[in-house]
Amino acid sequence: MNESGYNRLRQSLEQGFTLTPSAVFQEAWQRIYGAKLTMLLAAIGVVGSWLLLNQLLVLTAGEGDESVWSTSLLGLLISMVMAPMSGGLDMMGIHRAAGRPIRPSQIFDYFRYLLPLALASMIMGLLTSLFLPLGQSLGLPPMLSLLPTLILSVALMFTFPLILEKGMTPLQAILTSLRLFARQWLAMMLIHMLLVLLFMAAVMSFGIGLIWVAPLYIVVKGIIYREACGIEGDAATGPMPSAGQAGTDSKDHFEA
């Protein structure tokens, strides 16, 4: 593990870290310049693979007890296949936040981490699936029952990158992600709420807005990871520039 990245992560866990939503979005907006097509192609590849695999699940599902087992096994296979690709999207955002080159095929680079990523995905799936049935059993409204699941999903956003970039085990990555979220939970929830609103606006524009919003989401996650955890081999692990400085940093302008 790179010493500077390790020091940043240790400092964040012990003393916390700073996130300014306006600065995060302004820097992310600058960093998607010249890279929108690359990130869109990667995102389409992930979504398309997920839709294809789920269609396969529907077609192969039979009836009776045997269908339950086959559906469960195929669902497990889908989660195993998609975990490295989802992690690849996360790493693409991190590379962009560090000023490193990215390419659409990057989503296929992490299948050598298939087992730890799949295990982490299953653990996270179990954790996030607990609250909805619990809330329903308590008679809570569906939206209120879903709220803890949404919060936990944000809290676990560091898990895949911590496995891929810091070499952590799945359990270490999950626990570390939760600890980091506890340090800046309000800012992280605000950032994700703004992203949800942007996605809704993009969908209402007949999907045209996704050309900007999807890459923005990927890079925003990368910037948050950089600020919280540091990036191995990245010398720029100091505090994030202010909103005014972010737009003038020469690293924010790349070629496609």
Side-chain angles (χ1 to χ4, degrees), residues 19-58 78-79 81-110 121 124 128 143 146 149-151 153-161 164 187-227 243 246-247 251-256:
L19 280 180
T20 305
S22 59
V24 171
F25 277 99
Q26 185 162 348
E27 182 184 353
W29 182 258
Q30 295 292 331
R31 288 189 179 273
I32 67 173
Y33 176 79
K36 291 189 290 293
L37 180 59
T38 300
M39 288 185 279
L40 280 172
L41 290 175
I44 290 171
V46 172
V47 174
S49 298
W50 183 83
L51 291 174
L52 181 63
L53 291 171
N54 276 273
Q55 184 63 30
L56 179 63
L57 175 61
V58 172
I78 291 174
S79 68
V81 171
M82 293 308 303
M85 297 178 71
S86 299
L89 271 185
D90 289 339
M91 291 303 297
M92 182 176 290
I94 290 170
H95 282 202
R96 192 64 179 172
R100 298 176 184 173
I102 59 174
R103 49 189 166 75
S105 60
Q106 192 170 340
I107 58 175
F108 302 111
D109 287 353
Y110 302 96
S121 179
M124 290 190 294
T128 55
M143 286 301 298
L146 191 60
T149 298
L150 297 176
I151 295 174
S153 298
V154 176
L156 294 171
M157 64 168 288
F158 299 106
T159 301
F160 284 174
L164 296 174
M188 290 178 62
M189 289 304 302
L190 177 59
I191 289 171
H192 279 80
M193 287 173 60
L194 292 173
L195 286 170
V196 169
L197 292 176
L198 287 174
F199 267 106
M200 292 173 61
V203 171
M204 292 176 64
S205 68
F206 302 98
I208 297 175
L210 291 174
I211 296 174
W212 293 271
V213 175
L216 188 72
Y217 172 72
I218 294 172
V219 178
V220 162
K221 290 182 66 177
I223 293 172
I224 294 174
Y225 178 87
R226 184 195 67 201
E227 294 306 305
K251 292 194 303 178
D252 289 340
H253 301 280
F254 305 87
E255 295 180 0

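Because the structure is a prediction, the values reported are computed rather than measured. Sequence positions, counted from 1, serve as the residue numbers for this chain.
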Review item, side-chain donor-acceptor pairs of residues 208-215, under 3.5 Å, at least two apart:
none

What's the spacing between Thr20 OG1 and Gln26 CD if we round to 0.5 Å?
11.5 Å
Which heavy atom of Tyr217 sits nearest to which heavy atom of Leu195, and what is that distance?
CD1-CD1, 3.5 Å
Calculate, to the nearest 0.5 Å, the distance between atoms OG and CD1 belonging to Ser121 and Ile78 respectively.
11.5 Å
To the nearest 0.5 Å, how far apart are CE in Met39 and CG in Leu216?
8.5 Å
Would you list the atom pairs, donor with acceptor, under 3.5 Å between side chains in residues 84-91 and any protein atom, with sequence neighbours excluded?
unit_1	atom_1	unit_2	atom_2	d
Ser86	OG	Met82	O	3.0
Asp90	OD1	Lys221	NZ	2.9

At what distance, to the nearest 0.5 angstrom, does CD of Gln55 lie from CH2 of Trp50?
11.0 Å
What's the shortest heavy-atom distance between Ile151 and Met189, and which atoms?
CG1-CE, 4.0 Å
Donor-acceptor under 3.5 Å (Thr38 side chain, Arg103 main chain)
no
Heavy-atom closest pair (Ala42 atom, Pro104 atom, distance to 0.1 Å) is CB-O, 3.9 Å
Please give me the minimum heavy-atom distance between Pro21 and Ala187, naming the atom from each residue.
CG-O, 4.5 Å
Quick check: do Ile94 and Leu164 have side-chain heavy atoms less than 4.5 Å from each other?
no
Can you tell me how far CD1 of Ile224 sits from CD1 of Ile191, rounded to the nearest 0.5 angstrom?
4.0 Å
Side chain to side chain donor-acceptor pair (under 3.5 Å) partners of Ser49, counting only residues at least two apart:
none
Side-chain (Arg31) to main-chain (Arg96) donor-acceptor, under 3.5 angstrom:
yes
Residue pairs passing the salt bridge (Lys or Arg N to Asp or Glu O under 4.0 Å) test with at least one member in residues 38-49, sequence neighbours excluded, are none
Residues Val24 and Ile223: closest non-hydrogen pair is O-CD1, 3.8 Å
Side chain to side chain donor-acceptor pair (under 3.5 Å) partners of His95, counting only residues at least two apart:
Gln106
Identify, with sequence neighbours excluded, every residue that meets side chain to side chain donor-acceptor pair (under 3.5 Å) alongside Asn54.
none
Scanning both residues in full, the closest heavy-atom pair of Arg226 with Ala97 reads NH1-O, 2.9 Å
Run the side chain to side chain contact (heavy atoms under 4.5 Å, CB included) test on Ile44 and Val47 for me, step by step, so that the C-alpha distance in whole Å, both residues' side-chain angles and the decisive distance to 0.1 Å come before the verdict.
CA-CA 5 Å; Ile44 290 171; Val47 174; 5.9 Å; no
